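Just so it is clear, the structure is predicted and the values come from calculations on it, not from any experiment. Residue numbers run from 1 in the order of the sequence given. Note that ligands are numbered from 1 as they come in the structure, with each ligand's atoms numbered from 1 the same way.
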Amino acid sequence: MPDNLFPRPEHDHGSCIEHAIGRAHEICAEKSVRLTALRESVLRVLLSSHKALGAYEIIERLQTDGRRLAPISVYRIIDVLLSAGLAHRLESKNAFFACLSEHDSANSMLVLVCDGCYRVAEAEAPDAWGAIKSVTQSSGFAVTETILEIQGTCADCRKTTRPAA
Ligand SMILES: [Zn+2]
Ligand SMILES: [Zn+2]
Ligand SMILES: [Zn+2]
């Protein structure tokens, strides 16, 4: 388990972006998903920080030659990114964040959300998923959705009142 799920504020975020975009191109090629310029721009907006963004924040930040994209178009693009696993929905905040972890399925991950800086990080936690699976299976409960989101304060926010980037 890495101790730096939330990167230090002074980290080289450019390399996070570069790495995630490279990985996005690989995943899209593998899954035969077209990473159009517009889809990539939406992904880049999400990648601009480690924070989750609501659909309207995404629209505001999108640079599309002065044109404002309709919410429905943005939601369609987000759906493509979600189903390709390039981004995830943050259910508790009705927002979206880019995936910066390398994992095949979301069914082994916990999502940590910092209430101080609003950053989001994913942590590998197969045991938590295993415990849920064994409880639900043994009681014959059919799961439609499992949401594992943990709210709190990241180590950087606990150390300082300065907002992290
Ligand atoms: Zn970063
Ligand atoms: Zn992820
Ligand atoms: Zn924080």
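- When you scan the N, O or S atoms of H13 for the one nearest the Zn ion (ligand 1), you land on ND1.
- The distance from the CZ atom of R119 to the CG atom of L112 is 11.5 Å, given to the nearest 0.5 Å.
- C157 contributes SG and C154 contributes SG; the angle these two atoms make at the Zn ion (ligand 3) is 100°, rounded to 10°.
- Taking the charged nitrogens against the carboxylate oxygens, D127 and K133 have no contact shorter than 4.0 Å, which rules out a salt bridge.
- Side-chain contact of H19 with E102: a donor-acceptor pair under 3.5 Å is present, judged by distance alone.
- At a cut-off of 3.5 Å, with distance as the only test, a side-chain donor of H103 or E122 sits close to an acceptor on the other residue.
- The closest approach of E122 to the Zn ion (ligand 2), by N/O/S atoms, is made by OE1.
- No other N/O/S atom of H50 lies as close to the Zn ion (ligand 1) as NE2 does.
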